[in-house]
Number of protein chains: 2
Amino acid sequence: MPYRAPIAEFEFLLAHVAGFDRVSALPRHAEATPETVRALLSEAGRICEEVLAPLNRIGDMQPTRLENGVVRTPPGYADGYRAMAEAGMTAISASPDHGGLGLPITVTTCVNDMAGAACLALQMNPLMTQGQIEALEHHASEEIKALYLPRLTSGDWSSTMNLTEPQAGSDVGALTTRAEPAGDGTYKITGQKIYISWGDNDFTGNVVHLVLARLPDAPKGTKGISLFLVPKLIPDAAGEPGVANSLKVVSLEHKLGLHGSPTCVMQYDGAKGWLVGEENRGMAAMFTMMNNARLGVAVHGVSICDAATQAAIAYAMDRRQGRPLVEGGSGAIVDHADVRRMLMEMKAETFAARAMALDLAVSIDLGHAGDEAQAARAAVLTPIAKAYGTEMGIKVANIGIQVHGGMGYIEETGVAQFARDVRVAAIYEGTNGIQAMDLVGRKMADGGAAIGALIDALEAEAAGHAMGAPVAQMAQALRGATEALLAMEMNDRFGGSFPYLMGFARVLGAVYHLRAAAAGDAARGALARFYIDRLLPEAQGLFAQARHGAAGLYDLSPDDLAA
Amino acid sequence: MPYRAPIAEFEFLLAHVAGFDRVSALPRHAEATPETVRALLSEAGRICEEVLAPLNRIGDMQPTRLENGVVRTPPGYADGYRAMAEAGMTAISASPDHGGLGLPITVTTCVNDMAGAACLALQMNPLMTQGQIEALEHHASEEIKALYLPRLTSGDWSSTMNLTEPQAGSDVGALTTRAEPAGDGTYKITGQKIYISWGDNDFTGNVVHLVLARLPDAPKGTKGISLFLVPKLIPDAAGEPGVANSLKVVSLEHKLGLHGSPTCVMQYDGAKGWLVGEENRGMAAMFTMMNNARLGVAVHGVSICDAATQAAIAYAMDRRQGRPLVEGGSGAIVDHADVRRMLMEMKAETFAARAMALDLAVSIDLGHAGDEAQAARAAVLTPIAKAYGTEMGIKVANIGIQVHGGMGYIEETGVAQFARDVRVAAIYEGTNGIQAMDLVGRKMADGGAAIGALIDALEAEAAGHAMGAPVAQMAQALRGATEALLAMEMNDRFGGSFPYLMGFARVLGAVYHLRAAAAGDAARGALARFYIDRLLPEAQGLFAQARHGAAGLYDLSPDDLAA
């Protein structure tokens, strides 16, 4: 399926919606000029269109396999990975000190958007590396940095992140993998980890695992978890991949989608590891990687929104069925009002989800430069962007199937794959339920200050737009729901958290559309109008739900539920 | 995955929600006593639990294949089919004149619900036969009835329905398959048909195709379409399967789900066919089969709602993660407020979708007995039940994946299959967009009389319930949206049709919950409260959308869309 890199859309969003000029104005990002960014995005876009997109269906049809303990990736994946590595896609935002390009996270976000739309299963690989680089930059010793970072930024080696164990998923604190001091400053890591994306491959020289484990006598729960770097091949004195470490891929999962991306069960049997950061402070280090990954996964949703929308619009303009219904109509199904409704919805949601991801990325970049208000804003936006982006990925892919009619159900068409691939994005890196709990729990721990500041800004901005009245009104409803949640016990908040998050996202999305309408052409205005007229009202029902908290949720006993 | 047939739920719904006593009171259904119905449902339920459910994943993993032109079904399907046939599942509502049980469509609906939940791909087969029997009973000659009906009601032979051609999907009138008189009262059928469910199998003695085709010089469009019966094997003088007809399965589709059900491309090369009904009146005959099938497909959604909900509740009660959050909690994830929210939503939607299917079935049964108001009511409910039931199947299966977390994305768990299998239900037998157009077009052609009568009844009923005030209020909003649509040009109606339909369904669902709350225990009341508090408010946003009609939908040109 042809994929077209949306370079002009990124440029519009960066200039008129996400306020990227604030990032370019930072001394540390002086080189991130519009020209540089355009050149980089164009080259990355070309690779996505020409090299990665053709691999998408191949990887779905010929999944990565485990043969005698060796992971075999789909035909062409090695070349695709190499093209990404050569273009620096693993290290766009990594520090130049170790070979990175030092460009803003916002630029990485655009590139990930395109790569994920072209071939999500393969893009998962450099995404892991991006996160690991950031974690090592912040928490690893100089020795580890000097050894590993150049090889990760070059893409010669790749990365994984090992949290989950069979009994410890969302509840990371329940993990039992052990780390015992070996006496030489290293540790012996023993345990089993599951759901490890790209736990191995056949195209990088080494695979570097970051593994959460417990030291002997560590406190229970998350306060007793430490982070270890565990390479597949132990680097020799020259830093070259040396002897094999005591770890292996036990099996690969048979998944609904992302068939090209091996999801591994990993076994560590006294594997040699190095401590990253302080003892028992592993969660803090892992969160660096995880927050990065949450933006990355939000973008998975955006990627699939875009890919599915491009495919649906192309199909609807081509497929003839029935008589032309509108004057001057083409006779293609794009003329049908209900098909239009679906396409407009796909396009409006894609725009909003992408704008939110870029808005978040800009706040992260500004926060990294020391702006604490922006860092707090990013902390609020992270769970919203992750949950909304991925829910929209699922929804838009689903609408895309519908636009295709019977053809949508046939795998050859490729649009069912979008729905299968994106489904897990609502689950990994913290389920969307966990994101919602984070939003009303940790992100309200300041008494609602950061959220309140964001809502103030949204309301004020909406009030200044010609089409903004219903948006400002819904921002007030958001404020009311926020105050209602703040007044609740925590479990009540949790009961209302998911609809609250989704309603919050609707208000954000409407404001992004207002910005686009103000800066763009008539089509931007029409799309904003569609979003505000037809999708924003959904928030009213969502806030009504949120205000109920957990009321009634426990009125059925488990036995009643099962009855 | 264990499946439990919900016999008690059917009994409750028949007695207290769907008003099945009105059907039992009909002279023609005197034998449909509660005892008879319970015995039949119990036996069918046992078959579904013990014989069909174990085949579900087998059929997914080992899809039906085409080998040298012969369709090979998954291991065990033949036995599963035989068990259904022996229990009379193809002919519960068929006339006793030719071997049917003559029981109400409502009873068939319960049985189809269970069989679809147990193994949807296989249940598709008898569903086709049920529809064909009804079409032949109404439109075929006595000769055809005498020859074919006994063999279809016994399940010895099975059925298909052939409408779609590559260029003629939703636009059936564009079909080009030709029928030429052979001079002996039969016809030679030539053309290609696609998306033919169960176009062949290896476990029935014959396959009877109903094929839409054009006679020479037939008028263009749907007024020039005739219906033909085309057997795979031409019956000999004794009625036994004789020589092969000139037709074949060209290929099978590789689909997102329903892997056990062969979706065939059929080629007819001068195949021998018999006219069913009058020349050029094929659409009328086909609509008999199609309306039956629309209820059947609504039930597909219900089936998957139930199967997914049963699986999610069982998992949530078993899976331990995190500390118990509520006093006296089990420590399983069912204690988490957001998990509860998801389970309550699954259960509340499943109830409403099932109640709607049974409500429709009862109206069909009453209509068949001559009650024209009920027939008109059934005509209105058909597109709503089809679209709502299937949308809920998709939604509930999707929530079910989410409840399972990472496990939901692993195919072995079986819940991803529910989502894959049910997805096409929103597409076949008329896409849900087509259903919505039917609702605001054909079903409003009486100036809104039938819809108005239904809304009057809903509003009056809601007003009489303790929890009914918001439901009555939403029924008024529905009336307002209906009047707004009635005042619009047709293409404007179409633009608002889908959200209108979904909002309509929300009001219906709330009324069914009210009935259950009034007749049932505290748990029924709590589920009704959940639906009314949390899901019904969604209708407000949907009616807001509907009232916009097609406004703004064409403000983006196709080029703008593709930009």
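Predicted, not measured: the structure shown is a model, and the values here were computed from it. Hydrogens, waters and symmetry mates are skipped; everything else that's a heavy atom, side chains included, is used. Just so we're on the same page: letters track the sequence lines, and every chain starts at 1.
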(message) Heavy-atom cut-off 4.5 Å, strictly under: side chain, backbone, both or neither for A:A8 against chain B?
(response) neither
(request) Could you check which of A:G408, A:P6, A:A332, A:A551 has the highest count of heavy-atom pairs closer than 4.5 Å to chain B? (result) A:A551
(request) Counting only heavy atoms closer than 4.5 Å, note whether A:Q167 contacts chain B via side chain, backbone, both or neither. (result) backbone
(request) For the pair B:Y409 (side chain) and A:H254 (backbone), establish whether a donor and an acceptor sit closer than 3.5 Å, ignoring hydrogens and angles. (result) no
(request) Examine whether an atom of A:M407 lies under 4.5 Å from a heavy atom of chain B, and if so say whether it belongs to the side chain, the backbone or both; otherwise answer neither. (result) both
(request) Name the option with the most non-hydrogen atom pairs under 4.5 Å to chain A; the candidates are B:G496, B:G549, B:S557. (result) B:G549
Counting only pairs under 3.5 Å, give me each side-chain donor-acceptor contact of residues 419-428 of chain A, with atom names and distances, residues two or more places apart or in other chains.
unit_1	atom_1	unit_2	atom_2	d
A:R420	NE	A:E411	OE2	3.0
A:R420	NH1	A:D60	OD1	3.1
A:R420	NH1	A:L256	O	3.0
A:R420	NH2	A:D60	OD1	3.2
A:R420	NH2	A:D60	OD2	2.6
A:R420	NH2	A:E411	OE1	3.0
A:D421	OD1	A:L258	N	2.6
A:D421	OD2	A:Q417	NE2	3.0
A:R423	NE	B:N398	OD1	2.4
A:R423	NH1	B:Q402	OE1	3.1
A:R423	NH2	B:N398	O	2.8
A:R423	NH2	B:N398	OD1	3.3
A:R423	NH2	B:Q402	OE1	3.0
A:Y428	OH	A:H300	ND1	2.9

(request) Just jot down the salt bridge (charged side-chain N to carboxylate O under 4.0 Å, His left out) partners of B:R493, sequence neighbours excluded, or say none. (result) none
(request) Could you tell me which of B:D533, B:T431, B:L536, B:L343 has the largest number of non-hydrogen atom pairs under 4.5 Å with chain A? (result) B:D533
(request) Determine the option with the most heavy-atom pairs under 4.5 angstrom with chain A, choosing from B:P499, B:A544, B:A562. (result) B:A562
(message) Heavy-atom pairs under 4.5 Å with chain A - which of B:G495, B:P558, B:P537, B:A416 has more of them than the others?
(response) B:P558
(message) Quick check on the interface: out of A:A550, A:A316, A:G169, who has the most heavy-atom pairs with chain B under 4.5 Å?
(response) A:G169
(request) Measure the spacing between NE2 of A:H336 and CZ of B:F494 and express it to the nearest 0.5 Å. (result) 9.0 Å
(message) So A:K347 and B:L556, do their side chains get closer than 4.5 Å, heavy atoms only?
(response) yes
(message) Non-hydrogen contacts under 4.5 angstrom with chain B: give the residues of residues 521-529 of chain A involved, or none if there are none.
(response) A:A523, A:A526, A:L527
(request) Could you name each residue pair satisfying salt bridge (Lys or Arg N to Asp or Glu O under 4.0 Å) that touches residues 540-563 of chain A, not counting sequence neighbours? (result) none
(request) Can you tell which part of A:K255 gets under 4.5 Å to a heavy atom of chain B, answering side chain, backbone, both or neither? (result) both
(message) Between B:Q540 and A:Q540, is there a side-chain heavy-atom distance shorter than 4.5 Å?
(response) no
(request) Taking all non-hydrogen atoms of both residues into account, name the closest pair between B:R319 and A:P166 and its distance. (result) NH1-O, 3.0 Å
(request) Count the heavy-atom pairs under 4.5 Å between each of B:G541, B:G405, B:G173 and chain A, then report the option with the highest count. (result) B:G405
(request) Considering only heavy atoms and a distance below 4.5 Å, find which of A:G257, A:A168, A:A314, A:A174 pairs most often with chain B. (result) A:G257
(request) First locate atom CD1 of A:I410, then atom CD1 of B:I194, and finally report the distance between them rounded to the nearest 0.5 Å. (result) 8.0 Å
(message) As an exercise: rank B:G552, B:A436, B:A563 by heavy-atom pairs under 4.5 Å with chain A and give me the winner.
(response) B:A563
(message) If I compare all heavy atoms of A:S497 with all of B:D338, which pair ends up nearest, and what's the gap?
(response) OG-OD1, 4.5 Å
(request) Taking the side chain as every heavy atom from C-beta outward, state whether B:R534 and A:L553 have any pair of such atoms under 4.5 Å apart. (result) yes
(request) Starting at OG1 of B:T309, measure out to CG of A:L561 and round the result to the nearest 0.5 Å. (result) 10.0 Å
(message) Strictly distance-based, threshold 3.5 Å: is any side-chain N or O of B:R341 a donor or acceptor partner for the main-chain N or O of A:F498?
(response) no
(request) Counting only heavy atoms closer than 4.5 Å, note whether B:D492 contacts chain A via side chain, backbone, both or neither. (result) neither
(request) Report yes or no: does A:Y554 contribute a side-chain atom to a donor-acceptor pair with the main-chain N or O of B:R340 at less than 3.5 Å? (result) no
